[in-house]
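Contents: one structure, followed by commentary.
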Amino acid sequence: MRIMLVEDNEAIIMGLEYLLSQEGYQVLTARTVAQASDFLNRENCELVLLDIGLPDGDGLALCRRIRQEWQVPVIFLTARDEEDDVVRGLDIGAEDYVIKPFRNRELVSRIKRVLSRSGKGSRTFSCRDILLNPETGRVYRNDREISLTRLEYKILYSMMSCPGKLFTRDEILADIWDVSGNFVNDNTLSVTMKRLREKLGDTDGQIIRTVRGMGYRLER
């Protein structure tokens, strides 16, 4: 699914592009009201993350246009934290209002909730004969359900969100550390990858391929 990010702060853009791509979303970035309007006329997206203060105009006015002309759900992502600003943003049709600085996992949760309410959040990931359903947390291969641990599921979820992408060992370690809430060392990752491959019937490493000295890649 595609999310449009309307934001002019380069540091925030870089962080959100990485965060959202890791969650399996495609990100279309606009830095001005004019660029956002042009993209919305030419491109499809499922949700807009919108700042209020933009170089060439007001995000509140753009939100009104988005709701009237394109009927795309909007989440404000802004440093304006006054109650009047929050109320105005919600009153003109935004589905949510998130104040900067924000917490990454909370923002992703809010995005998923809005997409689910709008009927655009249902999706499954498939690669070869593997199917992963994020709503149920179930994984299948050749229509046979596979039971995974939390760490195994998180690794497979990340890889199936971006098939063909190289995931470094450091990236995977940081990701599963966050999920488990405990320190995960390099040896634990090796054992987890081995068990995941065994459960997928990928003992020869043709599905999750090892890229020597770098990490792993899910083959399309």
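Predicted model only: the values in this text are computed from it and were never measured.
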Item checked: Side chain Glu152, main chain Leu148, donor-acceptor under 3.5 Å -> no

Next item on the list: Find the distance between CG (Leu50) and CD (Glu7) and round it off to the nearest 0.5 Å.
Entry: 9.5 Å

Item checked: Main-chain N/O of Arg80 paired to Thr78 side chain as donor or acceptor, under 3.5 Å -> yes

Checklist line | Salt-bridge criterion met for Lys165 and Glu171 (N-O under 4.0 Å) | finding: yes

Note to self: Tell me whether Glu83 at atom CD has more than 12 heavy atoms from other residues, nucleotides or ligands lying less than 6.0 Å away.
What the structure shows: no

Item checked: SB check Lys100 Asp81 (cutoff 4.0 Å) -> no

Check: Do the non-hydrogen side-chain atoms of Arg195 and Val191 ever get within less than 4.5 Å of each other?
Finding: yes

Margin query: Tell me whether Arg113 is salt-bridged to Asp96, with the criterion being a basic N under 4.0 Å from an acidic carboxylate O.
Written below: yes

Result block: side-chain N/O donor-acceptor pairs under 3.5 angstrom for residues 14-22, not counting sequence neighbours:
unit_1, atom_1, unit_2, atom_2, d
Glu17, OE2, Thr29, OG1, 2.8
Ser21, OG, Glu17, O, 3.0
Ser21, OG, Tyr18, O, 2.9

Notebook entry, point to check: Applying ring-ring contact (aromatic ring centres under 6.0 Å, His included), which residue pairs with at least one partner in residues 26-46 are found, sequence neighbours left out?
Noted result: none

Margin query: So, taking the atom named CG in Leu28 and the one named CE in Met4, what distance separates them when rounded to the nearest 0.5 Å?
Written below: 4.5 Å

Check: Does CG belonging to Asn44 count more than 12 external heavy atoms closer than 6.0 Å?
Finding: no

Notebook entry, point to check: Ion pair present between Glu219 and Arg209, side-chain N to carboxylate O less than 4.0 angstrom?
Noted result: yes

Note to self: With rounding to the nearest 0.5 angstrom, report the OG to CD1 distance, Ser158 to Ile172.
What the structure shows: 8.0 Å

Notebook entry, point to check: Which pairs, with at least one residue in residues 188-220 and sequence neighbours excluded, count as a ring-ring contact (aromatic ring centres under 6.0 Å, His included)?
Noted result: none

Check: How far apart are the closest heavy atoms of Trp70 and Ser37, and which atoms are they?
Finding: CZ2-O, 4.0 Å

Check: Between the main-chain N or O of Leu60 and the side-chain N or O of Asp58, is there a donor-acceptor pair closer than 3.5 Å?
Finding: yes

Margin query: With a 4.5 Å cut-off on side-chain heavy atoms, are Cys45 and Val72 touching?
Written below: yes

Next item on the list: Using a 4.5 Å cut-off on heavy atoms from C-beta on, say whether the side chain of Leu189 contacts that of Leu151.
Entry: no

Item checked: Side chain proximity check, Arg105 to Arg110, heavy atoms < 4.5 angstrom -> no

Check: Quick one: do the Arg169 and Ser190 side chains pair a donor with an acceptor below 3.5 Å?
Finding: yes

Notebook entry, point to check: What is the minimum heavy-atom distance between Ile92 and Arg64, and which atoms define it?
Noted result: CG2-NE, 3.6 Å

Margin query: Could you check whether any side-chain heavy atom of Ile99 comes within less than 4.5 Å of a side-chain heavy atom of Tyr97, counting everything from C-beta outward?
Written below: yes

Next item on the list: For atom CZ of Arg138, decide whether the heavy atoms of other residues, nucleotides or ligands shown that lie under 6.0 angstrom number more than 12.
Entry: no

Check: What is the distance from atom NZ of Lys199 to atom CD1 of Ile146, rounded to the nearest 0.5 Å?
Finding: 9.5 Å

Note to self: Within the structure provided, determine whether Phe76 and Ile52 are in side-chain contact (heavy-atom separation under 4.5 Å).
What the structure shows: yes

Checklist line | Donor-acceptor contact present, side-chain Arg197 to main-chain Gly205, <3.5 Å | finding: no

Checklist line | Partner of Asp51 under side-chain contact (heavy atoms from CB on, under 4.5 Å), chosen from Leu77, Val6, Asp8 | finding: Asp8

Check: Would you say the side-chain atoms of Glu145 pair up with the backbone N or O of Tyr140, donor to acceptor, closer than 3.5 Å?
Finding: no

Check: Within a strict 4.5 Å, meaning less than it, do heavy atoms of the Ile111 and Leu49 side chains meet?
Finding: yes

Item checked: Side-chain donor/acceptor of Glu23 to backbone N/O of Tyr25, under 3.5 Å -> no

Next item on the list: Report yes or no: do Leu218 and Leu131 belong to one cluster of Ile/Leu/Val/Met/Phe/Trp/Tyr joined by side chain heavy-atom distances under 4.5 Å?
Entry: no

Notebook entry, point to check: Can you check whether Ile208's main-chain N or O pairs, donor with acceptor, with Asp202's side chain at less than 3.5 Å?
Noted result: yes

Next item on the list: Before accepting this row, confirm whether a basic side-chain N of the pair Arg88/Asp91 lies closer than 4.0 Å to the acidic partner's carboxylate O.
Entry: no

Notebook entry, point to check: Is any side-chain heavy atom of Ile75 less than 4.5 Å from a side-chain heavy atom of Val48?
Noted result: no

Next item on the list: Examine distances only and state if a side-chain atom of Asp56 and a backbone atom of Val33 form a donor-acceptor pair shorter than 3.5 Å.
Entry: yes

Notebook entry, point to check: What is the distance from atom NZ of Lys154 to atom OG1 of Thr192, rounded to the nearest 0.5 Å?
Noted result: 14.5 Å

